[in-house]
Peer 1: 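Provided herewith is a single structure, encoded as C-alpha cells, for subsequent inquiry.
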Amino acid sequence: MRVAPAVALVALAGAAVVLVPPPAAAGGDPEAEGERLYLEGCSSCHGEDGGGAEDDAGNLRGPPVADSGEAAAFYYLSTGRMPLANSEEQPRRKDPAYDEEQIAALVAYVASLGDGPTLPEVDVAAADLVRGGELFRENCQACHSASGSGGALSYGRAAPPLAPARPDETAAAIRVGPGQMPVFGEEALSAAEVADVVRYVEYLDAPADPGGLPIGRLGPIPEGFVGWFLGVPLLLGATYWIGTRSPVRRRKGSL
Amino acid sequence: MLTRRLARFVDERLGTAGFARTALNKVFPDHWSFMIGELALYCFVILLLTGTYLTFFFDPSQNEVVYQGSYAPLQGVEMTAAYASALDLSFDVRAGLVMRQIHHWAALLFLAAIVVHLARVFFTGGFRRPRELNWVIGVTLLVLAIFNGFAGYSLLDDQLSGTGLRIAYSITLSIPLAGTWLASLLFGGEFPGPDIISRLYVIHILLIPAAIVVLLTAHLAIVVRQKHTQFDGPGREEDNVVGERLWPTYALKAVGLFFLTGSVLSFLGGVFQINPVWIYGPFDPAEVSAASQPDWYMGWLDGAARIMPNWEIRAFGFEVPNPFFPAVLLAGVTFGLLYAWPFLEARVTGDDAPHHILDRPRQRPVRTALGVATLGFYGVCFLAGAADVISVTFGLSVNAVLWSFRILLFALPPLASWATYKLCQELCRRDGVPTREPVKFRQILPRLRHGAAPPPAAPATPAD
C-alpha cells in the first residue's frame with residue numbers, strides 16, 4: 001500500500017510536466033533537447049550518466065543504458081514501452097509518450113553516452129521473403145508462434161504479438177533483444193537477413209490466406225471451440241428440427 | 001413404374017421382397033436424441049467422400065523435394081513430398097482446399113458427435129443388458145476414430161503435425177519395458193524415422209477406416225436385431241416399440257439429416273480456415289512453434305501432460321518416465337472404465353435384468369452425477385491443454401493458470417456431481433416421481449409441493 005502514494009506522486013509529477021510546457025530548447029539544438037528530455041524523463045531510473053540507478057534500499061530501479069545504443073532507445077521509445085510507470089512490470093506496447101522529433105533527439109543523446117548497436121537499416125521491399133520465412137521459423141516462432149500471434153513465457157511474461165510492430169521496430173528488437181528475447185547480433189543474423197525476417201513478419205500481418213476466417217491464428221484450440229460451440233449446436237439443432245417433425249403420412253397402397 | 005419393374009426383376013431373381021418389406025416396415029421409436037448417432041455416421045460418410053478426393057492428390061512420401069508451387073513464401077524451400085502435396089492441395093488443386101477443410105471439420109465433428117451420442121446412451125442407461133456388447137463396440141469405434149484423427153493430421157508433415165508426432169513418439173517411449181521396441185516398430189527407427197508417413201497413410205486411409213466400417217455395420221445390425229430402446233410413455237412397454245416405420249418416415253428423415261450434416265460441414269469448411277499448414281512451414285525436428293496443440297479429441301491428453309507434476313519413479317530397476325502417467329495410464333484408465341461401465345454398474349446396483357425402456361437422467365441421480373463429474377474432469381483436462389493460449393489471451397501467468405487447473409481438476413468434479421445429484425433429486429420431487437435408483441441408493445422422502453406427505457403410494461416401484 002506504500003506504493004500507492006508513490007505512484008500518485010509520479011502521476012502528479014507527470015501531470016505537472018504535461019501541464020507546464022517546457023521552455024523551448026535554446027536554438028532547437030537536438031542534442032541539447034535530447035539531454036534535457038533524458039534528464040527529465042529517464043534519469044530517475046537509468047541514472048544521469050546512463051549508468052543505472054538504485055533506490056534507497058539498494059535495488060536497481062533501472063538498468064544502465066549507456067551502451068544500449070540507438071537501436072534500444074528507438075525500440076523502447078517508439079513502441080511506448082518506455083517510460084514505464086512501474087519498473088517491476090514487463091514493459092508492454094502502448095502509445096509513445098514522445099513525438100517523433102523528441103524520440104529522435106533522445107535516441108541521438110542515448111547513442112552519444114556509450115557504444116551500443118546502431119539502428120539497423122532495413123529495405124523491406126528488397127528483402128527475400130522465403131529466406132525470411134525460414135529464419136523466422138528457426139529463430140522466432142518458438143516464442144512468437146508460427147503465425148506471429150505471440151505466446152506465453154513463464155511467470156506472467158509473454159512474447160508479444162508481432163502484428164503491431166513497424167518494420168524498423170522489429171529490426172531494432174532483433175538487434176537489441178528486449179526482455180527475455182535473445183540478442184541477434186551481426187554474427188547470428190546479417191543485416192540482409194534481418195531485413196528478410198522483417199519482411200516475413202510484415203507478410204504475417206496479412207498472409208496470402210485462403211480458406212476463410214482465420215479464427216485467431218492460434219491453431220487447434222479456437223478450431224475446437226468453433227467445432228463445439230458452433231458446429232455441434234448446428235448439428236444438434238438440425239437433428240432436433242428433423243427429429244421433432246410430424247411423421248409423413250403413408251399413402252394407401254404404397255409400400 | 002420403372003422402379004416397380006426393377007423391384008420385381010430383382011425380387012424374381014434374388015427373392016428380396018420379403019426382406020425389404022420387413023426392413024422398410026421396421027418401427028423406430030420417436031425421440032430426436034436417438035438420431036445423434038446418425039450424425040456421427042453422416043460425418044463419417046462425408047469423411048470418406050472428401051478423403052477419397054484428397055487421396056487423388058496427396059503423396060505420402062518423405063522424399064525431399066524443392067517446392068515449386070504457387071505459394072510464394074515457400075518457393076524453393078526443401079520439404080517432404082508429403083508436405084509439398086499438402087500445399088498443392090491447398091493452392092493448386094481445384095477445390096482441394098475446401099475438400100481439405102471440410103474433411104478436417106468433419107473429423108472434429110465426427111468425434112464430437114460420437115461423444116454426444118455416447119453421453120446420450122450413458123445418461124439414459126441405454127447400455128444396460130442386453131446392449132452391453134453394442135456399448136463395447138461403440139467405445140471401440142471412439143478409440144479408432146481418435147487414432148484415425150491423429151494419424152490424419154500427422155500425415156501432412158507440417159511443423160505442427162511433426163510436433164504432435166514427436167510427442168506421440170515420446171509417449172510411446174515412456175511405456176515401461178516395451179516402449180523403445182514399440183516406438184522403433186511404429187516409426188521404423190529413431191524419430192522422425194523414414195517410414196512413419198507412409199505407414200500412417202495406410203493406417204489412416206485403409207486399416208482404421210475398414211475397421212470402422214466393419215464395426216459400424218455390426219453396431220447398426222445389433223440395433224436392428226435388438227430393437228432400439230425407447231423412453232417411458234403412454235403405451236410404451238418393455239416388450240414393444242412405439243414409433244414410426246422406417247419407410248417412409250425415418251428413411252426421409254435420415255436422408256434429410258444427411259444433407260443437413262453435409263451443409264453444416266460445408267459451411268464450416270468454406271467459411272472457417274482450419275489447419276493453415278502453409279503458415280506452419282515444413283517439419284524440422286529442431287523447430288517448434290508456440291501454441292502447438294493437438295485437435296480437441298487429443299487435447300485432454302495434452303492438457304493432462306501439461307498439468308502433471310514432474311514425478312518420475314524407478315520400479316524394479318526400470319525408469320517409469322513422466323509422460324507415462326498422464327498419457328498412457330490416464331488414457332488406459334479412461335477407456336478401461338468406459339469399456340467396463342455397463343458391467344460395473346450392473347455389479348454395483350445388482351440390476352442385471354434386461355432393459356428396453358430408458359431412464360430419464362434425473363431418475364438415476366448417482367449415475368448422472370458420476371457422468372457429469374467425468375465430463376467436468378475431461379473438460380478441465382482439455383482447457384489445461386490450452387493453458388498457454390489462455391494466459392496470452394487474458395494476460396495471465398501461465399504458471400498461475402496451470403496451478404488453477406491442477407486445483408480445478410480435483411475440485412470441479414466433486415462439486416459438479418454434488419450439484420447434479422441434488423438437482424436430480426429436486427427435479428424428481430418436483431415431478432412427483434420416485435428416482436429409480438435401486439433401494440440402497442434411494443434417499444428421496446416423498447413430499448408434495450406444499451410440503452405435506454403424499455397419500456400412501458402404490459407398493460414400491462417394481463424392480464426394473
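Residue numbering restarts at 1 for every chain, and letters A, B, ... go by the order of the sequence lines.
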Peer 1: Hey, does A/Glu223 have a side-chain heavy atom less than 4.5 Å from the side chain of B/Asp295?
Peer 2: yes
Peer 1: Using modelled atom types only, decide if a donor and an acceptor are shared between the side chain of B/Gln273 and the backbone of A/Ile215 within a distance under 3.5 Å.
Peer 2: no
Peer 1: Please report the interatomic distance CD1(B/Ile274) to CG(A/Leu213), rounded to the nearest 0.5 Å.
Peer 2: 12.5 Å
Peer 1: Measure the spacing between CG of B/Leu383 and CD1 of A/Ile221 and express it to the nearest 0.5 Å.
Peer 2: 8.0 Å
Peer 1: Quick one: what part of B/Ile36 sits under 4.5 Å from any heavy atom of chain A, side chain, backbone, both or neither?
Peer 2: both
Peer 1: What part of B/Leu396 gets closer than 4.5 Å to chain A, counting heavy atoms only: side chain, backbone, both or neither?
Peer 2: backbone
Peer 1: Which value, rounded to the nearest 0.5 Å, describes the distance between A/Trp241 atom CH2 and B/Met35 atom CE?
Peer 2: 11.5 Å
Peer 1: Look only at the side chain of A/Ser145 and the backbone of B/Ala290, and say whether a donor-acceptor pair between them is shorter than 3.5 Å.
Peer 2: no
Peer 1: Between B/Val398 and chain A, which part of the residue has a heavy atom less than 4.5 Å away: side chain, backbone, both or neither?
Peer 2: both
Peer 1: Any chance you could measure B/Ser397, atom OG, to A/Arg157, atom CZ, to the nearest 0.5 Å?
Peer 2: 11.0 Å
Peer 1: Report which part of B/Gln159 has an atom under 4.5 Å of a heavy atom belonging to chain A: side chain, backbone, both, or neither.
Peer 2: side chain
Peer 1: Taking the side chain as everything from C-beta on, heavy atoms only, tell me whether B/Pro73 gets closer than 4.5 Å to A/Val130.
Peer 2: no
Peer 1: For B/Leu265, which atoms come within 4.5 Å of any heavy atom of chain A: side chain, backbone, both, or neither?
Peer 2: neither
Peer 1: Using non-hydrogen atoms and a 4.5 Å limit, figure out which bit of A/Tyr200 sits close to chain B: side chain, backbone, both or neither.
Peer 2: side chain
Peer 1: Which bit of B/Phe382 is near chain A, if near means a heavy-atom gap under 4.5 Å: side chain, backbone, both or neither?
Peer 2: side chain
Peer 1: Donor-acceptor pair, B/Asp388 side chain versus A/Ala152 backbone, under 3.5 Å?
Peer 2: no
Peer 1: When you look at B/Asp284 and A/Arg137, which way does the side chain to side chain contact (heavy atoms under 4.5 Å, CB included) test go after all the steps?
Peer 2: CA-CA 9 Å; B/Asp284 179 336; A/Arg137 288 189 293 275; over 6 Å; no
Peer 1: Please report the shortest heavy-atom distance between B/Trp32 and A/Thr239, naming the atom on each side.
Peer 2: O-CG2, 3.6 Å
Peer 1: With chain B as the partner, which of A/Leu218, A/Leu230, A/Asp209, A/Leu234 has the greatest number of non-hydrogen pairs under 4.5 Å?
Peer 2: A/Asp209
Peer 1: Hey, could you give me the CG/CH2 distance between B/Leu108 and A/Trp228, rounded to the nearest 0.5 Å?
Peer 2: 10.5 Å
Peer 1: Taking the side chain as C-beta and beyond, is there a heavy-atom pair between B/Leu39 and A/Leu236 under 4.5 Å?
Peer 2: yes
Peer 1: Side chain from CB out, backbone as N, CA, C, O: work out which of these in B/Val115 comes under 4.5 Å of a heavy atom of chain A, or both, or neither.
Peer 2: side chain
Peer 1: Against chain A, work out which of B/Leu109, B/Val392, B/Thr393, B/Leu268 has the most heavy-atom pairs shorter than 4.5 Å and name it.
Peer 2: B/Leu109
Peer 1: What part of A/Tyr240 is in contact with chain B, defined as an atom under 4.5 angstrom from a non-hydrogen atom: side chain, backbone, both or neither?
Peer 2: both
Peer 1: Between B/Phe34, B/Tyr297, B/Phe91, B/Tyr250, which residue shows the highest count of heavy-atom pairs closer than 4.5 Å to chain A?
Peer 2: B/Phe91
Peer 1: Need one label for B/Tyr71: side chain, backbone, both or neither, based on atoms under 4.5 Å from any heavy atom in chain A.
Peer 2: side chain
Peer 1: Take B/Ile279 and A/Leu204 through the test side chain to side chain contact (heavy atoms under 4.5 Å, CB included) and record every step on the way to the result.
Peer 2: CA-CA 9 Å; B/Ile279 298 277; A/Leu204 284 179; 4.2 Å; yes
Peer 1: State, to 0.1 Å, how close B/Gly256 and A/Ile242 come at their nearest heavy-atom pair, and which atoms those are.
Peer 2: C-CD1, 3.4 Å
Peer 1: Sort out for me which of B/Pro294, B/Gly299, B/Gly76, B/Ser391 touches chain A most, counting heavy-atom pairs under 4.5 Å.
Peer 2: B/Pro294
Peer 1: Starting at CG of A/Asn139, measure out to CD of B/Glu287 and round the result to the nearest 0.5 Å.
Peer 2: 8.5 Å
Peer 1: Distance-only, no hydrogens or angles: does the B/Lys253 side chain make a donor-acceptor pair with backbone N or O of A/Arg245 under 3.5 Å?
Peer 2: yes
Peer 1: Given side chains that start at C-beta, do those of A/Pro220 and B/Leu160 come closer than 4.5 Å, heavy atoms only?
Peer 2: yes
Peer 1: Relative to chain A, which of B/Tyr42, B/Tyr153, B/Trp296, B/Phe267 shows the most heavy atom pairs under 4.5 Å?
Peer 2: B/Trp296
Peer 1: May I ask you to check whether over 12 heavy atoms, not counting those of A/Tyr98, lie within 6.0 Å of atom OH?
Peer 2: yes
Peer 1: For the candidates A/Ala238, A/Ser149, A/Pro207, A/Ala142, which exhibits the highest count of non-hydrogen atom pairs separated by less than 4.5 Å from chain B?
Peer 2: A/Ala142
Peer 1: B/Gln293 versus chain A, heavy atoms under 4.5 Å apart: side chain, backbone, both or neither?
Peer 2: both
Peer 1: With a 4.5 angstrom heavy-atom cut-off, is it the side chain or the backbone of B/Val271 that approaches chain A, or both, or neither?
Peer 2: both
Peer 1: Tell me, out of B/Ala386, B/Ala291, B/Gly395, who's got the most heavy-atom pairs with chain A below 4.5 Å.
Peer 2: B/Ala386
Peer 1: To check you understand the geometry: which heavy-atom pair defines the closest contact between B/Trp278 and A/Ala208, and what is its length?
Peer 2: NE1-O, 3.7 Å
